[in-house]
Each structure stands twice: as C-alpha cells, then as structure tokens.
Protein chains: 2
Amino acid sequence: MRQIAERASVSIGTVSHVVNGTAPVRPKLRERVLEVIRNLGFQPSALAQGLRTNRTRMIGMIIPDITNPFFPGLVRGAEDVAFKHSYRVILCNTDNDPAKESLYFNELRSYRAAGLLIIPAAGSDIASSLKPGTAGIPPVVCIDRRPDGWTGDSVVVANELGAYRATQHLIQSGHRHIAVITGPSLLANSVERLKGFRKALKEANLPLPAEFVQEAVFDTRSGFQAARRLLRMLPRPTAIFACNDLMALGVLHAIHELDLRCPEEISLVGFDDLEFCEYTSPALTSVYQPSYQLGATAANLLLERIKGRKGSPKRLVLDTELKLRNSVLPLEHSSWSVSRMPRTARKSPRKVAAAR
Amino acid sequence: MRQIAERASVSIGTVSHVVNGTAPVRPKLRERVLEVIRNLGFQPSALAQGLRTNRTRMIGMIIPDITNPFFPGLVRGAEDVAFKHSYRVILCNTDNDPAKESLYFNELRSYRAAGLLIIPAAGSDIASSLKPGTAGIPPVVCIDRRPDGWTGDSVVVANELGAYRATQHLIQSGHRHIAVITGPSLLANSVERLKGFRKALKEANLPLPAEFVQEAVFDTRSGFQAARRLLRMLPRPTAIFACNDLMALGVLHAIHELDLRCPEEISLVGFDDLEFCEYTSPALTSVYQPSYQLGATAANLLLERIKGRKGSPKRLVLDTELKLRNSVLPLEHSSWSVSRMPRTARKSPRKVAAAR
DNA sequence: CAACGCAGTGCGACCGCTTCCGTAAAACGG
DNA sequence: CCGTTTTACGGAAGCGGTCGCACTGCGTTG
C-alpha cells in the first residue's frame, strides 16, 4: 500500500479512501491511484483490515461430518446466503466429538470470525462455553440440533411432527407391528423423532415391545445391524421406521440379505429424504427435511445478529413433508380404507416421486 | 495481551514467549502467566499473528459444488490431513463459474491463505492468474482436473484407463452396441474418459455411431435426458457407459420410465462409485475413484510446498478400480466366453459388492 | 578478581490497514 | 477583498501480536 502511495504520490490514507470509497477523492487523483493499483495487482490484506477494524467477513461453520449426505445441502444453503452478503464460510468437521468441537470453536474465535453456525455434536458442551458472558464471543446460531441449555438463536426441523406423520402413514396403511431404529439417544433430534413415533403408536393404541426400539448411530452400517436384529424377531415387524435415510439404506441392505422383499414382506420409511431415495429399490418413502433452507435461514439469522440485532433469541422451526414412494405396502386387512392409497396410485408411483 | 502482562506483572513480550515457547521463561513466572491466561480465557488473535508473521494456517479450497456427492469425501480427505498439521480449510463453491472462481481466488489471497487446493471449474482460467510470477501468490495444487496450461502440482485420477477398463468390461460381456454419455467437453477428465472409451472400442473393432456419443453435464437431470435420447434410437444400444454416477442415476431413471429393464435389456456402468451405487436397483457397476485419497494426497503435496519444498511440480495420478455389481448383463451370444462372468457369480452378486 | 557468557526479561519497532484530526486550499457569502 | 465554511488530503496513532536487541544478574573461567 505504501508502494502504491509512493508511485501515485499520495498519502497512504488516500489510497485507503479510494479503495474503500470512505472519503471523497478528486477524480484525477483517484484515477491515478487506481491505475497504479491495476499495475501492481494489489490485494488488500484482509488480515490487517480485520485486525484494525476488529471485524472480519468470515463465518465459521461447525458440522459433524460433510461426508454425511444430509449436510452438504445445508452447508450450501448457508454458504450461498453468506456469499451474497460477501461473507465467506470456513468449514469444520467435528466427527461428533465435543473436544474437537470446542477446539474448533476456540480456533474460530481466534480468527475473529464474524459469527458461528454450529450443528452441535452429540453431547456438545458449547452451551457452557458461552455461559459466563465471556467477552469477545461472536454471535452463534445452532442448526438442526439444540444442545442442552442452549438459549441463543436456533433453527431446527419439526422432528417430532415429521416422525409422527410418518408413523401415522404406516398405521393408516394397516401396519400393526411397527419397529423403529433410532439415532444416538444424546441427540435431541433423534429423541424427538422417537417421541413422535411413540405418540402415533399410542394414539392408535398399538403396543410397542421394547425390543422393537433399536438404537443405532445414524449411519448405514449400524442401521444394517439394527435391522438384522429386528428382522430375525418373531413375530417380525411388518414395518420399520428408520430415523434417518442412511440407516434406512442399511435396513434395505439387511432385507435383501435375508432374502425378504420390500415392501411386500416388510415396509420401510426413512427420514431426511436424501436424493438417493428416488433411486433405491424400492424407492424409499421418507420424511423430507428442507436442509438447504435450514442452512440458508440460519445464515440469515446469523447475519442479522452480526449486523447488530439485539433482542431475544429466535427459535425457528421448519416443517417437514412426507414423500410417498414405494417402500410402504398397504396391508389388505387394513381398517383404514378411507385413507388408504388406491391401487392404481401404487402402479405408477413414479409420478408421486416426480412431483417432488 | 497487555491486560495479561499487567496482571502477571511481566512484559508483553514475555507473555508471547510463554504462549509460544519461543524463549525460556522461569517456571515460576511462566506459571503465573499461565494462571492469568486461564482466568481471562485469552485467545490470541490469529489475525494479528498472521499479519506480523505474514503466514496463516488457513488453506483455501475451491471446488465446484459440495452438493455433488463426489466432493464431500475429497474435501474430507483434505481437511483431515490439514487438521492433523493444524491447518484449517476455507471452503468455496464456484458452481463451475470461472468468474466466481477467480473471485474466490483473490479473496483467499487477501486472507493470506497459506496455500490453495483447487478443483478447477470448467473453462477455468486460473492458470493465467498464476502466470506472470506475480508476487505474493501462495502455493497451489490442482485436484481432479488439470486446467489448460497448468504447470504446477496436481493430483488426478487415471480417467482414461478407468474408462477404458469399464468399456472393456462391457465388450467382454458381449456387448457390441455401446453408447456413452460424456460430461462437459471443456472438462479435462470428461475428455479423458471419452478417450478411454473410444480406445477400448477401437481395439475391439467396434463401430461408434456419432449419435451414440451424448454430451451431458455430469448431473442426474442431464444424464436422464441424454439417456432418453439414446434409448429411443433404433437400433438401441445394449449398453451405456455413463461418465459419472450422477448421470448413470439419470439413465436408470430413464430406463424405468421407458419400462425397460436393467440389466436385461440395457446394461449400464458408471464412474465414481458413489456410495449409493450399492443400493440402486440394480446395484450399479461403476469405476471407483479414491476421492478421499485424492483430497488427502493433494493436501500433503500442498503442505510440502507450504513448508518450503522447491523443485519441479509433481503430477500424481491415482488409480481407479472397476467395481462389479448387477447393472451389466453378460450376453449369451458373446464370443468372449473366456472372460465372461460365470452365471453363479451373477446369482449372488451381493458378495462382490460386500467385498469392496 | 576482572572479564566474560548466557539465561531471563523488558523495550520498542513493525506487520498493513483504518480512521481521527489538523490543515491548506478552494469555495462561498457579504 | 476578506473572513468563514467546506472540501480534499497528509500525518499519525493504533489494532494485537512477534521478534531482534539491550540489559541485568549470576555462574565460569583465566
């Protein structure tokens, strides 16, 4: 910058003003400075700017694992919004490890990130990190999961309602022996989905044997194992609700392995509505989560805070939507014929999927 | 920092020394300083450090789109390696837009990123940005695609060989009418795959009608459309090689839509071996790319450069592997019986998949 | 015993930029 | 034409660290 100032025979401050337009500069001078800048390929140091102004245009985003197909869309939503406001996103994977999470948290603090977007790890303790009103903590908004004791902004999904409706669909299709594969019990959204599942069963006066509730860890492998346990039970459940699609994939795998047929012998509904749901065999009925919106709204919320909004925290809840495909079989002895899907609809189910 | 120095009655420089261990400090003093730091929750400003030392621990990563399932694994590989060396990754999506790419490039330069990991956009011009030996350009390594005129470090995949082997597999299965759906023709890896495909056909003296080469843009939708065109031709190809799995998914969709059967009426092989390949119907035969390794080795290469390795650029090429599943049908009239898959193998194809 | 070396510490310049303040020149009003 | 306001610019003080250098004791050495 000094170099530029010298070559253009102006002061260093003036250069700053022409770059940022923070003060009027005579056109002639301005042009001279601009010319020199073009020649030298000057790129202002965001570090120095950040240091001086004590604010940066970086947003830290802490997520469990970008490799889990649920997250990329969410990240993208956040990044797109951030980008539009010329903020940049720095991405951190915690592997659901609270230690790694708080490490990243401090790291981002040291970069003086303008704000933080966090999908808390299972058993996260970031709520406590924020507690003592420590100075110099940037605004934070939690996404998808709300850790214990978190009182700040958050945007989540109506997990309980989504699971409730999914289970209801199973019941309305005539199923009476319905099992569930849940996620880790420390994860709020996992707990909520189970709650919704239980609620639907209870309302329909259906029993839920303890062994029909299998806990897994939200990945394909553990879903596969849980399904194996379930499918060997007698009586076997006629339907399974998997609390996310990755586990549902594992269930599908287990069904094939045991030479069962889906949906003829066992119905299945997942949660997340990942893209591959349309292409599995059979196409997977699943609860759609607006993951892109989740990220985008969270980013918007954060930007508001960054720009100085005070006031009580917002707790946004986004709605889900059950996407009907081919993995649920309406049972003939159903007493719910009213709400049963007509047979013709099952014959060209692609249209349902395509309508998404 | 000044605050700490005061409370511990030492100089500001000494605080720096105990934090970084850059000079011996008497245990008693050190402990006193550490105590104060713990109380105040001090977090050194990475900005100030970066400014003073002129180096940061950030690595910029520029990719087309995290939403494309090929990339998360790659990003993860890079991030894991970076993390181990206490570098952090800033993620940027270009949407294959060269303008956005160079915008991000400059942005990252202004953050004084220690190095850059770039998956060039189609038609990328970053090679030219690096040309004039402009000062203050951090080390860069290109991943997955090598833009025109790029002479720096890079790590890519043996696209041509992978496509060649995939096509060979189709030919050995008895197919004579094989079509291909390629990616954008400006993308190096897309071109290479087509080249491998052509090579295999030529070696087997098989004709390739011009209309059997359909260009799409590496996503499901365009793959679907290309497949539709292909499947309506007469004579219809008996096999399709899709240059990536997303497009293969589109092909599967088109096959179902036209009430054809895969693999009985039309065989299919993809490229990438994304995770969903095992779960589509039928399970998709695909060319595995070591995406995690791609990211990890690129990060290692970059770190070497950051740590000062001089010398000529490395051009690493990682190998692919054809994963056999159920989307390819051996034709009975095959004259390649030697290399044909035995029927029994087709009956329990899950084992092939499981062996992955 | 004087000279010397070295571990331990304080001091202050500086990294590149923003921004406040002061001032000279220009514009303005009477 | 002169005083006053406005405008455009230069000067310089930091932002929060790092690091070279100077200084101070104290143990070693000739």
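Quick note on labels: first sequence line is chain A, next is B, and so on, each numbered from 1.
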Under a 4.0 Å heavy-atom cutoff, the residues of residues 4-12 of chain A touching DNA chain D are A:Ser9, A:Val10, A:Ser11
Measure the spacing between CZ of A:Arg112 and CZ of A:Arg109 and express it to the nearest 0.5 Å.
7.5 Å
Quick one: do B:Glu304 and B:Lys314 make a salt bridge, cutoff under 4.0 Å?
yes
For the side chain of B:Phe42, starting at C-beta, report the closest nucleotide among C:dT19, D:dG17, D:dC19.
D:dG17
Which of the following nucleotides, C:dT9, C:dG16, D:dC19, is nearest to the side chain of B:Thr14?
C:dT9
Name the nucleic acid region contacted by A:Val25, choosing base, sugar-phosphate or nothing; use a 4.0 angstrom heavy-atom cut-off, strictly under.
sugar-phosphate
Nucleotide C:dA26, atom P - distance to CG of A:Leu29 in whole Å:
13 Å
note: A:Arg2, atom CZ; C:dT18, atom P; distance rounded to Å ~ 16 Å
Let me confirm one number: the CG-CG distance from A:Leu303 to A:Leu117, rounded to the nearest 0.5 Å.
8.5 Å
Calculate, to the nearest 0.5 Å, the distance between atoms CG and CZ belonging to B:Leu108 and A:Arg88 respectively.
8.5 Å
Any A:Ser16 side-chain nitrogen or oxygen under 4.0 Å from OP1 or OP2 of C:dT18:
yes
Nearest to the side chain of A:His17, heavy atoms from C-beta on, is which of C:dT19, D:dT18, C:dT18?
C:dT19
For the side chain of B:Arg52, counting heavy atoms from C-beta on, which of C:dC17, D:dC19, C:dC14 is nearest?
C:dC14
In whole angstrom, give the distance that lies between atom OH of B:Tyr111 and atom C1' of C:dC17.
14 Å
Give one of base, sugar-phosphate or nothing for A:Thr53, where a contact means two heavy atoms less than 4.0 Å apart.
sugar-phosphate
Check every strand shown and say whether A:Arg55 touches a base, only sugar-phosphate, or nothing at a heavy-atom separation below 4.0 Å.
sugar-phosphate
Given atom CD of B:Gln3 and atom C1' of D:dG17, what is their separation to the nearest angstrom?
15 Å
Whole angstrom is fine here: how far is it from CD1 in B:Ile37 over to P in D:dG16?
16 Å
Test item: side-chain donor near acceptor, B:Arg146 and B:Ser154, under 3.5 Å:
yes
Nucleotide of D:dC19, C:dC17, C:dA7 approaching A:Pro44 most closely (side-chain heavy atoms):
C:dC17
Please report the interatomic distance CG(A:Leu91) to CZ(A:Phe71), rounded to the nearest 0.5 Å.
11.0 Å
Protein-nucleotide distance (A:Arg26, atom CZ; C:dA26, atom C1'), rounded to Å
9 Å
Provide, to the nearest angstrom, the distance between the CE atom belonging to B:Met1 and the C1' atom belonging to D:dC15.
14 Å
Ionic contact status for B:Lys84 with B:Asp80, cut-off 4.0 Å:
no
Taking only the side-chain heavy atoms of B:Gln49 (C-beta and beyond), determine which of D:dG17, D:dC15, C:dC17 contains the nearest atom.
D:dG17
Nearest 0.5 Å please: distance from the OG1 atom of A:Thr297 over to the CG atom of A:Leu294.
5.5 Å
Send over the distance from B:Arg112 CZ to D:dG17 P, rounded to a whole Å.
20 Å
Whichever of B:Ala23 and B:Ala48 has the more 5' nearest nucleotide on DNA chain C, that residue is B:Ala23
